[in-house]
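As structure tokens, the structure follows; a few thoughts come after it.
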Amino acid sequence: MSLNCSNCSSPLQLPPGANSICCAICHATTLVADSRSAPPPPALSYSSSGQEDHDHPPHHPSQVVPSPYNHAPPGPPPAVHGTKRAVICGVSYKNTKNELKGSFNDVVCMKYLLVNRFNFPESSIIVLTEEETDPSRRPTKSNMRLALSWLVQGCQPGDSLVFHFSGHGSQQKDQNGDELDGYDETLCPTDFETQGMIVDDEINEIIVKPLSHGVKLHAIIDACHSGTVLDLPFLCRMDRSGEYVWEDHRPRSGEWKGTSGGEAISFSSCDDDQTSADTSALSKITSTGAMTYSFILAIERGHATTYGSLLNAMRSTISDTTTELRGGVITSLISMFLTGRTFSGEVTQEPQLTATEPFDVYSKPFSL
């Protein structure tokens with residue numbers, strides 16, 4: 001049954017038999033007197049097996065502080081499907097001065113990895129690219145917001161969620177005092193010049209804070225200035241020898257930027273003050289995001305047993321672009337695509353790891 005959130009009026013899709021639903025945007029709980037006689041939900045473009053989120057205790061709407069991020073696009077969100085689901089977004093900014101050559105390749109390679117290596121059902125993956133013919137699958141600001149809301153909607157213990165973004169990132173002046181460096185990090189949808197960028201505060205509000213106990217989210221962000229783009233509380237500061245310390249990035253105000261009991265871990269292509277590359281220097285065949293390429297290559301070559309080994313392997317690949325790549329699934333996969341080049345020189349960036357809680361990166365097994 002379709003209905004609107006009683007607090008922020010965002011469109012919601014009530015699962016069959018449920019008498020309440022938690023809004024992924026403002027986290028208010030909307031109560032329904034009796035849904036047993038409700039008509040079946042309308043046909044949607046995504047497979048439906050959504051369930052009510054029992055891990056969030058009911059809250060009266062009047063007790064919830066409205067979120068400023070209540071700009072969900074019109075129409076009901078797609079129903080949640082499966083215990084593994086992902087949103088993969090590649091923005092090419094075609095026919096503009098901001099055009100990137102590697103974003104679409106990144107999306108294709110990441111989807112291949114998730115489906116074939118980590119057994120994500122294709123029906124549980126939303127892909128947003130400019131090559132999609134369905135307007136709702138284009139990486140506009142409104143479509144990205146809707147897809148991120150879908151990703152965490154009705155999440156249950158045991159769920160594994162992935163958000164991958166390949167495109168431009170930027171910074172803007174922090175307006176609420178929660179950034180140690182005074183700047184918010186942002187992601188740029190295809191229409192960012194007219195609709196604006198998506199700010200890290202909003203990303204945290206939509207896909208981090210709703211995560212309940214037993215739910216794990218991995219973000220792979222291939223964009224400039226993306227080190228803390230999920231606003232996670234802790235950053236793993238690793239040097240080139242592999243030694244590391246966890247930096248506390250919690251806001252001085254005391255605001256909690258973590259989850260509701262779940263776990264969120266983010267791999268980003270560079271530090272907040274660095275830029276990332278869209279390059280053919282790594283694959284030697286076609287343009288890719290340097291971070292996405294190094295992430296997939298490390299996994300395919302068996303260098304991702306732990307988070308520490310994965311991060312080290314990614315950094316090694318990027319720092320040594322002269323090493324000849326030999327064989328492997330990713331090399332044959334990339335060779336399927338048409339060659340495109342931006343530049344083939346040295347790539348200088350350092351992938352970063354952030355998380356909701358510090359952990360031993362060399363003993364914690366990596367898995368999606």
Side-chain angles (χ1 to χ4, degrees), residues 106 110 113 162-166 169 171 179-181 183-185 187 200 203-204 208 216-251 257-259 263-279 281-282 288-323 325 330 346-368:
D106 289 346
M110 184 60 68
L113 180 82
V162 170
F163 170 46
H164 172 245
F165 176 85
S166 178
Q171 291 180 304
E179 296 287 347
L180 299 181
D181 62 358
Y183 289 91
D184 282 320
E185 285 64 54
L187 299 181
D200 52 8
I203 298 169
N204 181 276
V208 175
K216 180 178 285 190
L217 167 73
H218 285 92
I220 302 103
I221 310 296
D222 200 343
C224 297
H225 309 292
S226 56
T228 62
V229 75
L230 262 67
D231 261 0
L232 299 181
F234 298 95
L235 182 144
C236 179
R237 183 68 67 188
M238 181 178 288
D239 63 24
R240 295 187 179 182
S241 68
E243 298 291 325
Y244 73 93
V245 294
W246 284 98
E247 292 182 354
D248 189 340
H249 281 246
R250 288 174 291 185
K257 305 288 280 190
T259 69
E263 183 176 21
I265 297 173
S266 176
F267 288 94
S268 51
S269 63
C270 57
D271 212 344
D272 286 345
D273 60 355
Q274 291 180 325
T275 57
S276 59
D278 176 48
T279 178
L282 298 179
T288 61
M291 185 269 187
T292 299
Y293 182 89
S294 63
F295 177 83
I296 296 176
L297 185 68
I299 293 172
E300 292 297 341
R301 291 193 166 177
H303 299 156
T305 53
T306 67
Y307 287 88
S309 62
L310 174 55
L311 187 61
N312 268 317
M314 292 167 61
R315 289 181 164 207
S316 296
T317 298
I318 291 176
S319 65
D320 187 10
T321 60
T322 61
T323 300
L325 301 177
I330 185 63
E346 182 182 3
V347 180
T348 55
Q349 63 187 81
E350 294 181 323
Q352 303 293 322
L353 175 70
T354 58
T356 46
E357 297 289 346
F359 57 86
D360 183 346
V361 299
Y362 292 115
S363 65
K364 187 179 179 67
F366 169 78
S367 182
L368 295 179

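When reading the values below, keep in mind they use all heavy atoms of this one structure, side chains included, and skip hydrogens, waters and symmetry mates. The first residue in the sequence is number 1, and the count goes up from there.
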Do Asp239 side-chain atoms and Glu243 backbone N/O form a donor-acceptor pair below 3.5 Å?
-> yes
Can you list the steps and then say if Phe165 with Val229 is a side chain to side chain contact (heavy atoms under 4.5 Å, CB included)?
-> CA-CA 11 Å; Phe165 176 85; Val229 75; over 6 Å; no
Is a donor on one side and an acceptor on the other found under 3.5 Å between the side chain of Thr306 and the backbone of Lys364?
-> no
Can you check side chain to side chain donor-acceptor pair (under 3.5 Å) on Asn312 and Tyr362, steps first, answer last?
-> CA-CA 10 Å; Asn312 268 317; Tyr362 292 115; 2.7 Å; yes
Check Ala223 against Leu187 and note the closest heavy-atom contact, atom names and distance.
-> CB-CD2, 4.3 Å
Going by the angle between their ring planes, with limits at 30° and 60°, are Phe267 and Tyr307 parallel, tilted or perpendicular?
-> parallel
Whether Arg315 side chain and Met238 backbone form a donor-acceptor pair below 3.5 Å | yes
Answer whether the closest heavy-atom distance between the side chains of Thr354 and Phe234 falls below 4.5 Å.
-> no
Taking the side chain from Asp106 and the backbone from Thr292, do they hold a donor-acceptor pair closer than 3.5 Å?
-> no
Leu230 vs Ile221, side chain to side chain contact (heavy atoms under 4.5 Å, CB included): CA-CA, chis, key distance, verdict | CA-CA 9 Å; Leu230 262 67; Ile221 310 296; 4.3 Å; yes
Donor-acceptor under 3.5 Å (Asp200 side chain, Asp231 main chain) | no
Pair Trp246-Val361, side chain to side chain contact (heavy atoms under 4.5 Å, CB included): steps then yes or no = CA-CA 10 Å; Trp246 284 98; Val361 299; 3.8 Å; yes
Go through Leu235 and Gln352 one step at a time and tell me if the side chain to side chain contact (heavy atoms under 4.5 Å, CB included) criterion holds.
-> CA-CA 8 Å; Leu235 182 144; Gln352 303 293 322; 3.9 Å; yes
Would you find a donor on one side and an acceptor on the other, under 3.5 Å apart, between the side chain of Tyr244 and the backbone of Gly308?
-> no
